[in-house]
Amino acid sequence: MFCTVRVVKYWDDKELIRVVMTVSGDILLCDLDAFFASVEQLDHPEYRGKPVIIGGRPGERGVVATCSYEARKYGVRSAMPMVQAVKLCPDAVFLPVNMDRYRQVSARVFAVYDRFAAQIEKVSIDEAYLAVPSGVGLETARKIREAVRRELGLPVSVGISVNKLLAKMACELAKPDGLYRVAKEDMPKIIWPMPVSKLHGIGPQTKEKLNRIGVKTICQLAKFPERELIKMFGAAVGVMLHQRANGNDIREIQAEREIKSIGEETTFPKDVYDQDAVLTTLMDLAGQVGYRLRHKGLKARTVTVKIRSADFSTITRSQSLSAAVEGDGAIYKVARELFVTNCGQPPWRLVGVQVSNLDSYEQLSLFQEKDEKVSRVVDKLKDKYGMGVIKRGSLLLSEERKKKQ
DNA sequence: TCTGGGGTCCTAGGACCC
DNA sequence: TCTGGGGTCCTAGGACCC
């Protein structure tokens, strides 16, 4: 990036070698406020100023994906069960997730970011880190906020600091619709008094564990002996906690990120007792995963199924293959086998299919050719007529039933 | 009050090889 | 009869994030 200082520290002879890197230059975290809700309010002026809750259908299984700040006043939060959101704010506007539309708007926002920074890391549909030269962070943030507001009508909050962690935390302070800069020297005054749960990377479990040993604030964590943290959380996590509490973060801006896995899962509207019905869903999911895999020009060596029972207990079972696959049928074959041998007793609540160990595309073996040719024809139909046009699942399943008889 | 769906990274044990 | 050390891969689960 702009300037790098490395300090290599040997700790306890040879147990741990730590590298601390200071990167100079400003990091911005741009986060679109209540993104899905903001887009809906933009597209539907009648929703403006009202509590808007986006997620699963009220009354069915599902959670809140995003809600507008008006809804947050009632205590509604992301990831909250829909049933609870309805109770808290029954008069809200409830909307389903319209991901295609949000992706469209997101692309236009990122195009604006592109004009202001050479290095951009897309974190999610509504969040990105930008690297800009040292000293221009604040000015760039103002321009970005102004441009996104003027050109797209959306509020975006921006955190500015010297690394990703502090930029992220600055952004939390900036929300809603603001900007905030945290200098490294501000750590003790601004960040340290906060509870540990506010530190990016500390979730409910780690918070509880820390609280039990009397560590409640980020300041206490920063001053807690690192080797004790390593004993409690393992080397990687222990060091990470210690570094972050002290405001150190060596993660760089990654413009291109390699895809590690592709997965699809479904929670049934009602628990399912019929194994064949689950297998039909599994086949459908395998088809969706295969479609995305091939579209990225990838093949997978590992297939994983996820099975959640009615009592919410969840297991995953995976199998790695000697040769990478990309065909719907090949993925399904492994997933089916894994499901049948591990599914336990009905009813089931959720099934999922995931592929990992990804390789870029290579020559087909004769053995795989037929399945993959069929999958490609199906892809073309889906591209042309939409995802619902054809389901190989029903076709393959009926063949399976014939075999059984 | 029941708890989505898409991911990433880490841990830990076991197999296997040299 | 007691027993190495390092490395890599695989598997399962868990924590966390958006």
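Labels below follow one simple rule: chain letters A, B, ... track the order of the sequence lines, proteins then strands, and each chain is numbered from 1.
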Applying a 4.0 Å non-hydrogen cut-off, can you work out what [X] is touching in the nucleic acid: base, sugar-phosphate, or nothing?
X	answer
A/D31	nothing
A/T206	sugar-phosphate
A/K168	sugar-phosphate
A/L350	sugar-phosphate
A/A65	nothing

Donor-acceptor contact below 3.5 Å, side chain A/R294 vs main chain A/G290:
yes
Does [N] have OP1 or OP2 under 4.0 Å away from a side-chain N or O of [X]?
X	N	value
A/R308	B/dG4	yes
A/K260	B/dC9	yes
A/T66	C/dC18	no
A/R257	B/dT8	no
A/S124	B/dG6	no

Are more than 12 heavy atoms, taken from residues, nucleotides or ligands other than A/Y273, located less than 6.0 Å from that residue's OH atom?
no
Counting only heavy atoms not in A/Y74 (residues, nucleotides, ligands), do more than 12 fall under 6.0 Å from its OH?
no
Answer yes or no: is there an ion pair linking [X] with [Y], defined by an N-O contact shorter than 4.0 Å?
X	Y	result
A/K143	A/E146	no
A/E70	A/K73	no
A/E121	A/K164	yes

Take A/D26 and A/R181 through the test salt bridge (Lys or Arg N to Asp or Glu O under 4.0 Å) and record every step on the way to the result.
CA-CA 10 Å; A/D26 289 345; A/R181 191 171 80 95; 5.7 Å; no
Aromatic ring of A/F312 stacked on base six-ring of B/dC2, 5.5 Å, 30°:
no
Distances under 3.5 Å only, N/O to N/O: pair up the protein atoms with those of nucleotides 10-16 of chain B.
| unit_1 | atom_1 | unit_2 | atom_2 | d |
| --- | --- | --- | --- | --- |
| B/dT11 | OP1 | A/A236 | N | 3.2 |

Pairing of DNA chain C as dot-bracket, 5' to 3': ( ) intra-strand, [ ] crossing, | other strand, . unpaired, with Watson-Crick or G-U pairs under 3.5 Å?
....||||||||||||||
Verify the distance criterion only: is there a donor paired with an acceptor across the side chains of A/K184 and A/N248 at less than 3.5 Å?
yes
Under a 3.5 Å cutoff, is there a donor and acceptor pairing between the side chains of A/S320 and A/T302?
yes
For C/dG4 and B/dC16, measure between their C1' atoms and round to the nearest Å.
16 Å
Would you kindly give the NZ-to-P distance between A/K270 and B/dT3, to the nearest whole Å?
13 Å
Judged by each residue's nearest nucleotide on DNA chain B, which is more toward the 5′ side, A/Q84 or A/Q254?
A/Q84
